[in-house]
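Below is one structure, written out as structure tokens, with a few remarks after it.
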Amino acid sequence: MDVTRLPHPPHRLPLLGDLLGGDVRRRPLQTALANARELGPIFTRRFLDRDVVFVCGADLVAEVSDETRFAKHVAPGLAMIRRIAGDGLFTAYNHEPNWQKAHDVLLPAFAMSSMRTYHPTMLKVARTLIGSWDAHVGGEPVRVAEDMTKLTMDTIGLAGFGYDFGSFERETEHPFVSALARSLGYVQAKTRELPWTAPLHRGDDRRFEQDVALMNKIVDDVIAARKASGERGTGDLLGLMLDGGELDEVNIRNQVITFLIAGHETTSGALSFALHYLVKNPVVLARAQAEVDAMWGDAERPDPDFADVGKLRYVRQILNEALRLWPTAAAFAREAIVDTTIGGHPIHKGQWVMVLAPALHRDAVWGDNVEAFDPDRFTPEREKARPVHAFKPFGTGERACIGRQFALHEATLLLGLLIHRYRLIDHANYQLEIKETLTVKPTGFTLKLARRTERV
Ligand code: HEM
């Protein structure tokens with residue numbers, strides 16, 4: 001692709017390229033979003049000597065979603081995560097045979113019908129969070145994103161592998177969780193590292209190797225314990241991988257670590273954004289509360305069954321709208337698999353572009369007031385009227401998110417239970433500040449809690 005024909009940020013510097021524009025090292029995503037507003041639906045940024053093309057317009061994203069011409073690309077940032085997750089589903093190259101094998105083994109475990117199996121575990125962990133939040137009623141505020149991350153980590157650990165991180169009971173973070181957070185921070189920093197500063201980070205390099213070794217050991221122990229127990233047919237992700245016999249041991253470990261990476265911060269961020277927008281939009285919150293009240297009435301301890309969650313349509317619309325404004329895995333890369341064009345720009349086989357989902361989700365197809373939080377954008381009628389490729393929080397095509405139903409079931413259930421039980425008090429008049437790591441999430445967001453005494 002001839003990047004010289006594409007718009008780029010002004011004030012490009014020799015050697016550094018666009019590295020100093022905006023706050024690109026700390027907030028690469030928000031800087032790219034600001035670029036999209038100024039530069040239009042396709043533009044380029046230069047990181048040192050590497051040009052990256054960003055695609056944001058709905059028409060262009062529809063083109064790169066065409067699987068006869070484009071496929072997933074493991075971009076440099078994702079390739080770095082291979083140092084933690086190897087050839088797990090998320091980071092596997094398209095040509096690696098283990099991707100297809102693992103996909104075939106695991107796909108049934110993520111079908112909508114399988115959510116029935118995970119539902120009791122999801123409910124159990126949701127109740128643990130509620131127990132912890134009850135202790136804050138009328139007292140100290142809760143730290144929203146942190147608690148959502150505990151919930152999603154515990155849920156995927158238990159539902160996926162029968163492993164209890166016990167995040168709400170612990171005084172300090174589980175060592176796996178700290179090692180994972182640190183090692184993801186490390187690979188992220190490596191992607192943005194200026195080459196001549198590498199010798200300054202030898203200590204971080206060593207720490208990273210130790211963290212990866214620790215995570216591998218914990219996961220290998222879980223696998224060994226399951227094998228030693230002789231249990232079969234457990235129906236969880238680990239059981240499926242072991243019972244099938246198609247996947248080798250290192251690959252199974254990579255998949256477990258992958259699900260822990262892919263399955264927790266994304267969903268916890270979505271829940272945190274949804275709670276933020278709810279407290280800022282009382283009319284939406286009242287409508288959502290009316291929906292859960294109609295289902296659970298005044299029950300002190302509602303006992304939602306699997307089917308109830310599917311009936312919380314408006315709560316689901318709220319999550320979708322939160323994911324529209326802030327898709328928590330905000331960018332994904334697509335490579336041309338044939339010589340082709342994007343919006344008339346020629347692109348050769350093997351070249352790749354980055355889809356910037358938050359910019360796509362603000363395309364004109366979403367109307368004039370794209371920053372407004374309006375869950376009615378996701379009524380079935382309006383969804384049908386919109387181009388199919390306008391909403392991509394879960395990626396696209398064959399390599400789209402395998403955990404989508406898992407995330408949405410877990411998040412709808414928890415959000416429903418929280419708004420049924422609590423009055424959420426925006427005591428600090430929180431102004432959204434987004435922290436960018438592998439994912440995006442609100443930072444410094446706290447809420448005070450009261451029990452709801454009156455139903456809508
Ligand atoms: C892939 C987003 C939850 C497991 C993806 C991709 C996106 C995404 C955008 C595509 C990445 C790419 O093209 O490079 C999200 C969001 C979530 C979520 C926004 C929550 C709101 C989950 C959960 C799990 C999961 C709960 C597991 C339990 C995966 C895996 C892949 C993936 C394994 C790779 C699939 C493949 O390439 O075969 N996700 N995800 N995700 N996600 Fe999710």
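Just so you know, ligand 1 is whichever comes first in the structure, and atom 1 is the first atom listed for that ligand. Computed from a predicted structure; not experimentally measured. Values reported hereafter were calculated over all heavy atoms of this structure, with side chains retained and with hydrogens, waters and symmetry mates removed.
- With S268 contributing its side chain and D147 its backbone, the two residues share no donor-acceptor pair below 3.5 Å.
- Nearest non-hydrogen protein atom to atom 35 (C) of ligand 1 is A400 O, 3.6 Å.
- Scanning the protein for heavy atoms near atom 28 (C) of ligand 1, the closest one is I156 CD1, 3.5 Å.
- In terms of protein heavy-atom proximity, atom 37 (O) of ligand 1 is closest to R399 NE, 2.7 Å.
- Every residue meeting the side chain to side chain donor-acceptor pair (under 3.5 Å) condition with Y163, not counting sequence neighbours, appears here in chain and number order: H174.
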Worked verdict on F259 versus F90 for ring pair (Phe, Tyr, Trp, His ring centres under 6.0 Å)
CA-CA 9 Å; F259 287 124; F90 185 48; over 10 Å; no

Stepwise, does the side chain to side chain donor-acceptor pair (under 3.5 Å) test hold for E335 with Q351?
CA-CA 6 Å; E335 71 179 54; Q351 289 186 307; over 6 Å; no

Candidate pair R143 and T446, rule side chain to side chain donor-acceptor pair (under 3.5 Å), full reasoning:
CA-CA 5 Å; R143 288 153 36 112; T446 60; over 6 Å; no

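- Contact annotation: P393 has at least one heavy atom less than 4.0 Å from an atom of ligand 1.
- Residue D49 places its CG atom among 12 or fewer non-hydrogen atoms of other residues, nucleotides or ligands, all under 6.0 Å distant.
- In the displayed structure, E249 atom CD is contacted under 6.0 Å by at most 12 heavy atoms of other residues, nucleotides or ligands.
- Residue T328 has at least one heavy-atom neighbour below 4.0 Å for each of these atoms of ligand 1: 19 (C).
- Atoms of the protein (N, O or S only) found under 2.8 Å from atom 43 (Fe) of ligand 1 are C401 SG.
- Atom NZ of K435 has 12 or fewer neighbouring heavy atoms from other residues, nucleotides or ligands inside a 6.0 Å radius.
- Annotation: atom 13 (O) of ligand 1 to nearest protein heavy atom, F332 CB, 3.5 Å.
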Given the rule in the side chain to side chain donor-acceptor pair (under 3.5 Å) test, do N94 and R399 qualify, once you have shown the distances and angles that lead to the verdict?
CA-CA 9 Å; N94 296 324; R399 300 292 303 267; 2.8 Å; yes

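- Atoms of ligand 1 lying under 4.0 Å from any heavy atom of T267, numbered from 1 in the order shown and given with element: 3 (C), 20 (C), 21 (C), 26 (C).
- Here the protein heavy atom with the shortest distance to atom 27 (C) of ligand 1 is F259 CD2, 3.6 Å.
- Taking any N or O of W99, backbone or side chain, at least one lies under 3.5 Å from an N or O belonging to ligand 1.
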Using the side-chain contact (heavy atoms from CB on, under 4.5 Å) rule, take I402 and F110 through it: C-alpha gap first, then chi angles, then the decisive distance, then the call.
CA-CA 6 Å; I402 201 171; F110 284 105; 3.7 Å; yes

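- Considering both main-chain and side-chain atoms, K72 comes within under 3.5 Å of ligand 1 through a nitrogen or oxygen pair.
- Relative to the six-membered ring of Y314, R287 meets both conditions, a distance below 6.0 Å and an angle of at most 45° to the axis.
- For ligand 1, the atoms closer than 4.0 angstrom to any heavy atom of F110 are 28 (C).
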